[in-house]
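Worksheet: the structure to be examined is printed underneath.
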There are 2 protein chains.
Amino acid sequence: MYRRVKELGVVSEGILIDQIDPSSDRAVFRQIADQLRQAIENGRLREGEKLPSEAELIEHYGVARMTVRQAIQELRNEGLAVAEHGRGVFVRRRPPVKRLASDRFARRHRKDGKAAFLAESEAVGAKPQVDHIAISEMQPPQEISERLRIAPDTTVVARSRRYLRDGHPVELATSYIPVEIARGTQIMEPNSGPGGIYARIEDQGHTLERFVEDVSTRMPTREEAKLLNLSAGTPVFRLIRTAYDLEGMAVEVCDTIMSGDAFLLSYELPAH
Amino acid sequence: MYRRVKELGVVSEGILIDQIDPSSDRAVFRQIADQLRQAIENGRLREGEKLPSEAELIEHYGVARMTVRQAIQELRNEGLAVAEHGRGVFVRRRPPVKRLASDRFARRHRKDGKAAFLAESEAVGAKPQVDHIAISEMQPPQEISERLRIAPDTTVVARSRRYLRDGHPVELATSYIPVEIARGTQIMEPNSGPGGIYARIEDQGHTLERFVEDVSTRMPTREEAKLLNLSAGTPVFRLIRTAYDLEGMAVEVCDTIMSGDAFLLSYELPAH
DNA sequence: AAGTGGTCTAGACCACTTT
DNA sequence: AAGTGGTCTAGACCACTTG
């Protein structure tokens with residue numbers, strides 16, 4: 001009356017072949033997850049294809065509903081599957097990855113009047129958009145004031161925006177700029193003008209010399225997941241970029257959250 | 001008989017204060033997760049502290065066990081909490097992050113005979129170790145042969161190892177080196193000698209000029225999670241580094257999986 | 001032995017999608 | 001209306017940790 005083996009009917013395009021090994025130490029829901037994972041990894045289930053429904057899995061393995069739901073939950077956490085209410089569970093489609101090369105902030109890319117994100121996206125044929133622009137003066141978090149080398153209670157101009165590619169949000173960014181540089185410039189306007197804020201900073205006499213990018217990864221907060229429309233099992237990049245001028249002054253810090261499945265960061269390092 | 005409100009007893013150090021709003025659209029388990037998440041984020045529950053037990057949560061909120069387990073599952077997936085069988089659920093401790101600067105492969109760091117990982121770790125006072133060294137000749141995956149600019153069926157030398165910091169595994173790496181360079185050298189030995197394999201490659205007359213690192217992030221495979229001892233909710237970096245010599249020849253590709261909570265990658269970009 | 005989380009069963013009702 | 005996943009209850013037994 002426990003873990004009865006069904007007649008070996010081919011269920012759902014022949015994905016379900018194996019049964020559970022009741023003698024195994026491995027939890028039943030993990031064994032089910034293992035079999036589905038294998039089907040995904042070896043291509044028997046391709047991107048976008050529907051997994052067997054909960055009802056089919058219950059029938060095939062002869063287990064309770066919670067057990068198959070745990071198995072599916074595991075695949076969702078791993079980023080292998082996504083559930084769509086009322087439709088089914090599907091093998092996760094991997095969105096095309098955008099490669100960001102380390103020369104993306106080179107001045108020549110700014111010359112033609114395009115900000116970095118717009119130029120990059122157009123280069124791969126994606127339609128770039130920017131929304132949710134908010135500009136304010138505020139006291140930045142400690143991580144930012146440290147990088148700007150200013151006292152913790154100093155006010156800076158913060159410029160937040162969200163970037164979309166082909167209508168899908170992929171990146172949240174907030175730039176922090178010392179007020180002495182930003183005040184009275186187009187940096188305070190939603191449209192920062194040709195070449196973006198880096199061009200405006202250079203207009204102010206701060207010729208940019210180098211950037212430092214600190215990259216980390218983690219799971220998104222709920223807020224980030226909502227704004228980037230992330231499905232379960234998608235981590236984010238946190239990228240903090242500090243811009244320095246010729247005098248070595250930190251003139252901007254940009255704190256960016258990027259959808260982890262939408263970017264590949266490419267950096268070049270000299271061997272000296 | 002449903003969602004009964006308990007006498008407002010202070011449970012478990014006063015973490016549980018609020019109740020469920022039954023009129024809310026938000027699922028009960030999400031409301032519970034929200035309250036616990038808030039306690040973690042605003043510091044009422046600090047790193048390493050124990051969350052209320054399932055029994056306490058059931059008692060406090062007047063819900064079924066599966067409901068509180070779903071709430072806790074959510075926090076685990078977000079990387080905020082870790083469960084320890086028989087002990088309780090604890091606020092995730094963030095291990096100290098190791099910063100990898102972009103000059104970490106500069107030749108001067110190799111001069112004193114240390115491979116990059118060992119030198120870096122010692123610099124921050126962590127005890128570095130290497131284990132699981134496996135060396136073989138094989139046909140590399142496509143991503144690798146493309147970067148080495150060799151035909152897909154060409155054999156290369158693959159050198160796999162696992163790196164540990166203070167006894168905890170943090171990184172898995174496999175280097176792929178063309179056989180013409182590796183054969184007959186210490187690259188084929190578990191101990192690659194002073195300065196590591198980059199020093200051996202230079203011994204062969206290939207002076208290194210630059211590296212390109214391609215960084216992506218994703219959830220680990222089961223295999224990776226086991227080898228790196230990752231808890232749920234920890235993503236990994238995938239870093240593919242290609243080394244080029246003065247002639248522009250790709251002389252090595254290193255495919256690395258790094259525990260996402262153990263590293264911060266720091267890169268410097270010129271503004272040109 | 002007591003307390004904790006891990007796994008599993010067997011139902012129920014709901015909301016969303018498709019036919 | 002039928003099929004799908006989302007949420008929830010109310011139990012059960014097990015395995016691990018601590019006193």
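In what follows, chains are A, B, ... by sequence order, proteins preceding strands, each numbered from 1. Predicted model only: the values in this text are computed from it and were never measured. Below, each value reflects all heavy atoms present in this structure, side chains not excepted, and no hydrogens, waters or symmetry copies.
- In this structure, the nucleotide among dG5(D), dT18(C), dT7(C) sitting nearest to the side chain of Val89(A) is dG5(D).
- Taking only side-chain atoms of Gln70(A), from C-beta outward, the nucleotide of dG6(C), dT7(C), dC8(D) with the closest atom is dT7(C).
- For Glu54(A) (side chain) and Arg69(A) (main-chain N/O), no donor-acceptor pair under 3.5 Å exists by modelled atom type.
- Judged purely by distance below 3.5 Å, without hydrogens or angles, the side chains of Arg218(B) and Thr234(A) never pair a donor atom with an acceptor atom.
- Checked against dT9(D), dT4(D), dC8(D), the side chain of Val28(B) finds its nearest nucleotide in dC8(D).
- Along DNA chain C, the nucleotide closest to Glu84(A) and the one closest to Ala27(A) are compared, and the more 5′ of them pairs with Ala27(A).
- No donor-acceptor pair under 3.5 Å is formed between the side chain of Arg92(A) and the backbone N or O of Phe90(A).
- Side chain to side chain, Asn77(B) and Gln73(B) meet the donor-acceptor criterion of an N or O pair below 3.5 Å.
- Between the CD1 atom of Ile72(A) and the C1' atom of dT7(D) there is a distance of 15 Å, rounded to whole Å.
- Surrounding CZ of Arg93(B) are at most 12 heavy atoms belonging to other residues, nucleotides or ligands under 6.0 Å away.
- The nearest whole Å value for the distance from the CD1 atom in Ile58(A) to the P atom in dA10(C) is 11 Å.
- For His85(B), taking side-chain heavy atoms from C-beta onward, the closest of the listed nucleotides dC8(D), dC16(D), dT9(D) is dC16(D).
- Following rounding to the nearest Å, Arg26(B) (CZ) and dC14(C) (C1') show an atom-to-atom distance of 18 Å.
- In this structure, Met66(B) places its CE atom 14 Å from P of dG5(C), rounding to the nearest Å.
- Atom CG in Asp25(A) sits about 12 Å away from atom P in dC8(C), given to the nearest Å.
- Residue-to-nucleotide proximity on DNA chain D shows that, of Arg69(A) and Arg87(A), the 5′-proximal contact is made by Arg87(A).
- Whole-Å rounding puts the Gln73(B) CD to dG5(C) C1' distance at 12 Å.
- Arg165(A) forms a cation-pi arrangement with Phe263(A), by the criterion of a distance under 6.0 Å to the ring centre and an angle within 45° of the ring axis.
- Where pairing requires Watson-Crick or G-U contacts shorter than 3.5 Å, the helical stems of DNA chain C with at least three consecutive pairs are C:1-18 with D:1-18.
- Taking atom CG of Asp21(B) as the reference point, atom C1' of dT7(D) lies 16 Å away to the nearest angstrom.
- Distance, Phe90(A) CZ to dT18(C) C1': 11 Å, rounded to whole Å.
- Between Glu143(A) and Arg238(A) there is a salt bridge, with a side-chain nitrogen of the basic residue lying less than 4.0 Å from a carboxylate oxygen of the acidic one.
- Among the heavy atoms of the strands lying under 4.0 Å from Arg30(B) are primed sugar atoms or P, OP1, OP2 only; no base atom is included.
- One donor-acceptor pair, N or O on each side, does fall under 3.5 Å between the base of dT7(D) and the side chain of Arg65(A).
- Contact check, Thr67(B) against dC8(D): no side-chain N or O comes under 4.0 Å of OP1 or OP2.
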